[in-house]
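Just below is one structure, and these are the notes that go with it.
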Amino acid sequence: MTSLLSVNNLSVQFAVQKKFATAVDNFTLDVQPGECVGLVGESGCGKTTTGLAIMRLLPNNGKISGGSVLLNGVDLASLREEEMQEHRGKSVALIPQDPMSSLNPTMKIGRQIGEGLKIHEGASEAQARQRAMEVLEMVEMPRPAERLNQYPFELSGGLRQRVIIAMGLVCNPSLLIADEPTTALDVTIQAQILDILDNLRSELNMAMLLITHDMGVIAGRTDRVIVMYAGKRAEQAPTVELFNNMRHPYTQALLASMPSMENTGKHELSSIAGMPPNLAKAIVGCRFAPRCSYASDQCRREDPALQGPKEHQFACFHPTSGPKPLELRTDNVAALEAKPRKELLLAQGLVKEFAIKGGVVRHKVGAIHAVSDVTFTLYEGETFGLVGESGCGKTTIGRMLVGLETLTSGEVYFDGELVTAKGHKPTRQSRRDRQMMFQDPYASLDPRMKVAQILGEPLAIQKVGSRSEQAHRVGELLSSVGLDPQVADRYPHEFSGGQRQRIGLARALALNPRLIVADEPVSALDVSVQAQILNLMKDLQRQYGMSYVMVSHDLAVVYYMADTIAVMYLGKIVEIGDAESVFRSPAHPYTQGLLDAVPIPDPVLAQARRRVRVSGELPSAVNPPSGCRFRTRCPNVQEICSQEEPQLRDFGEYQQAACHFPMKTPVNLSVHSS
């Protein structure tokens with residue numbers, strides 16, 4: 001079959017400080033009509049640059065320095081910009097990673113989608129608007145006619161991603177390049193977007209190049225995979241063959257770095273040591289050799305060429321055979337009843353409402369019901385996981401626990417003492433014992449302060465030790481999170497994302513807290529760096545006996561970390577229990593829907609599992625649905641769901657769920673309390 005897209009020996013260079021860094025080096029790939037090819041690797045490996053080079057959208061300091069990009073026989077790399085404009089958006093379209101920064105905030109959605117049709121096909125305003133309506137319906141946009149007159153800021157992340165896909169489809173391109181199309185989305189919205197792309201590819205016979213770092217997305221959505229490292233191909237094969245018989249150590253390491261819920265026991269994550277090479281410098285030998293446990297002297301001298309049959313090629317002198325064997329975690333806890341448990345924190349009846357003000361005098365006209373009557377207990381030395389979609393109230397609860405958010409009502413008890421309540425001022429000691437690790441370490445670290453000042457600030461505020469003792473403590477903190485104490489004189493912008501997250505963790509550890517609330521601590525990190533942070537957090541917990549509240553929408557991460565898990569929906573806990581019960585045998589349809597939306601890094605299991613799809617968007621917290629708040633998206637909904645709010649019921653000694661029509665039969669535990 002003739003390839004729709006044929007990239008041959010593509011090289012891309014960037015001018016960096018009077019030098020040229022080769023971001024893509026003699027790269028080759030082919031995509032057939034109707035085929036989905038996955039391009040996977042860590043940040044900085046050249047994935048996005050390859051997609052931008054195909055689209056001829058490289059930044060000003062970048063250039064195609066060699067090779068060809070043939071689309072339907074036309075070499076896009078050799079076209080003048082005026083000629084390329086005839087193909088961009090018409091023959092090949094791009095779904096960028098961040099829809100908010102890619103949409104014009106001053107233009108309504110209908111105009112933005114129809115603009116490409118007017119440019120390429122000379123459509124009238126009415127024709128462009130009609131086509132915009134059609135493609136919004138194709139991407140399953142709720143109330144598409146209403147969306148045409150809205151601006152991007154009025155839409156949620158999932159709806160904006162649908163708009164970006166609609167813009168790409170408006171001229172019926174033969175190739176769609178999807179660059180991390182679901183990275184910042186909740187698992188339910190991610191599953192919806194990926195299902196839409198699969199359906200469109202099937203209906204329109206459209207080819208797709210799917211760029212991602214998520215091996216789970218690759219396993220369930222692609223026909224073939226190309227693994228990219230430091231600008232070059234490391235391995236390429238059909239998807240099922242790659243996962244069953246991966247040959248390159250880098251591919252093996254990527255898969256082993258991912259937390260997974262498919263294994264019968266929690267296993268230790270295998271992180272990839274070191275960092276990718278500096279592409280502005282000359283590289284001798286295999287580019288992965290400094291990070292590879294199989295590397296030999298030959299690897300450090302020679303650059304391995306692709307070998308193996310055409311269907312499965314790999315660039316390695318010491319190929320592996322299949323996925324890396326999993327090592328069960330040594331701290332895999334037995335049944336909860338076998339552990340002596342001491343209560344550390346009790347959150348009782350937490351309520352948080354944010355006032356909506358309007359009118360000339362700015363009086364209260366409504367309220368956002370962020371958290372509604374939430375109660376749970378955290379035990380010493382354990383991790384409590386809070387999971388749910390964005391907007392369900394997870395982060396608000398985390399901030400309430402550490403005293404960064406006032407309570408509308410309810411109480412927080414820490415070690416038996418009331419520490420947070422409406423009108424209650426917490427003591428300085430209780431603040432020391434409760435610290436927070438923020439989602440975005442760069443935004444939470446003062447860019448004008450050096451690391452030594454950032455880590456030393458809480459010590460100075462709490463008057464802990466002399467200046468020399470504080471400096472010594474800063475060095476200890478950096479060492480404890482795996483950083484050289486000499487980096488204390490650097491500023492936050494001089495570190496990578498993973499290193500900044502380590503600094504954020506060190507900042508939370510400064511006062512030897514007993515509780516750390518970790519708010520999405522690894523959501524923006526590559527799987528390899530994510531594994532390092534999660535393993536580090538587990539090691540520190542074992543060393544210091546700390547407790548964590550883990551806030552995340554990534555269920556695999558929460559399962560890896562947590563002993564007890566609470567599933568939240570629109571401000572309420574809908575299911576709570578020990579991690580194994582909640583994840584292996586969920587009682588609430590929403591929990592099952594979340595689990596079924598998680599990408600599985602196994603092509604066979606991804607195709608075979610049953611699906612409870614959570615469709616639609618999260619309702620408004622200003623006016624929540626009556627009765628069960630999940631009923632507007634629930635596959636089991638009946639009349640009683642709109643009339644009566646379900647209460648938490650027992651589904652085991654350590655599992656409760658609030659549902660009128662649960663996934664399994666509740667139990668009567670009155671015998672346990674007698």
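The structure displayed is predicted, hence computed values, not measured ones. No hydrogens, no waters, no symmetry mates; every other heavy atom, side chains included, goes into these values.
- In terms of the side chain to side chain contact (heavy atoms under 4.5 Å, CB included) criterion, residue partners of Asp25 (sequence neighbours excluded) are, by chain and number, Ser11, Thr22, Lys232, Arg287.
- Partners of Thr395 according to the side chain to side chain donor-acceptor pair (under 3.5 Å) rule, which considers only residues two or more places apart in sequence or in another chain, are Asp519.
- A search for side chain to side chain contact (heavy atoms under 4.5 Å, CB included) contacts involving Cys36 returns Arg201, Met208, Leu210, Thr222, Asp223, not counting sequence neighbours.
- Residues forming a salt bridge (charged side-chain N to carboxylate O under 4.0 Å, His left out) with Lys572 (at least two apart in sequence, or on another chain): Glu645.
- Looking at residues two or more places apart in sequence or on another chain, you find no salt bridge (charged side-chain N to carboxylate O under 4.0 Å, His left out) involving Glu115.
- Residue pairs satisfying the salt bridge (charged side-chain N to carboxylate O under 4.0 Å, His left out) criterion with at least one member in residues 31-42, sequence neighbours excluded, are listed as follows: Glu35-Arg224, Glu42-Arg291.
- Residues forming a salt bridge (charged side-chain N to carboxylate O under 4.0 Å, His left out) with Glu134 (at least two apart in sequence, or on another chain): Arg131.
- Applying the salt bridge (charged side-chain N to carboxylate O under 4.0 Å, His left out) rule to Glu203 yields no partners; only residues at least two apart in sequence or on another chain are considered.
- Sorted by first and then second residue, the salt bridge (charged side-chain N to carboxylate O under 4.0 Å, His left out) pairs with a member in residues 147-161 form an empty list; sequence neighbours excluded.
- Residues in residues 211-236 take part in these ring pair (Phe, Tyr, Trp, His ring centres under 6.0 Å) pairs, two or more places apart or across chains: Tyr229-Tyr250, Tyr229-Phe288.
- Remark: Leu79 pairs with Arg56, Val74, Leu76, Glu83, Met84, His87 by the side chain to side chain contact (heavy atoms under 4.5 Å, CB included) rule, at least two apart or across chains.
- Considering only residues two or more places apart in sequence or on other chains, Gln112 meets the side chain to side chain donor-acceptor pair (under 3.5 Å) condition with none of them.
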